[in-house]
Amino acid sequence: MTVDQHVPQRHSPSTGDRARIAGRCGAVLAVGSAVVHAAGSSGHGSVAAPGVVVLNLMILACLVCAWHLWTRPTTRAWALTAAMSAGMIALHTVPMGTAMHHTEMPMLRAATGTAVLEIAVAAAVLITRTVVMPRVRSR
């Protein structure tokens, strides 16, 4: 008499699972950007009124990207996230190149670092969707 042994099958996440996981990681980074912008705009009172409007718009943009990446991480959502992050890096490099109060630099660096991570994740997803996956499907 032989005993059948159950061999556990290695679970490989499906494409949908991977897209959902990547989307949620991107959403967490986008919320992180919103939090960093909110923290950077509060407390100092050194930001002029137009700057406050721009910061609030940036926070809103981060949250919109986060919502789209969490609920439905489409290629368009990833491209928009990468574009917004690149724009934020461009905006952040101007104050970093000028004389700033030393207490503002860590928040600016945190915001820039988060945007760089967002671009890296978005680029990986976009390359996978537009270059790697079409090649795999065509085989």
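Residue numbers start at 1 and run along the sequence shown. As a basis for the values below, the full set of heavy atoms in this structure was taken, side chains included, without hydrogen atoms, waters or symmetry mates.
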Minimum heavy-atom separation for [X] and [Y], please, with both atom names.
X   : Y    : value
C65 : L80  : SG-CG, 4.3 Å
P73 : G23  : CB-CA, 3.8 Å
L63 : A34  : CD2-CB, 3.8 Å
S85 : I119 : CB-CG1, 3.5 Å

Just verifying a value: how many Å separate [X] [atom1] and [Y] [atom2], rounded to the nearest 0.5 Å?
X    : Y   : atom1 : atom2 : value
L57  : H37 : CG    : NE2   : 11.5 Å
E118 : C25 : CD    : SG    : 12.0 Å
S33  : M84 : OG    : CE    : 10.0 Å
R24  : T71 : CZ    : OG1   : 9.0 Å
T114 : I89 : OG1   : CD1   : 10.0 Å

Check your understanding: Going by side-chain heavy atoms closer than 4.5 Å, which hydrophobic residues are tied to L29, directly or by a chain of links?
Key -> L69, W78, L117, V121, V125, L126
**Study point:** ILVMFWY cluster, W70 and V31 together (side-chain gap under 4.5 Å)
**Key:** no
Revision key, fill the gap. Contacts of R72 meeting side chain to side chain contact (heavy atoms under 4.5 Å, CB included) (sequence neighbours excluded), chain-then-number -> T74
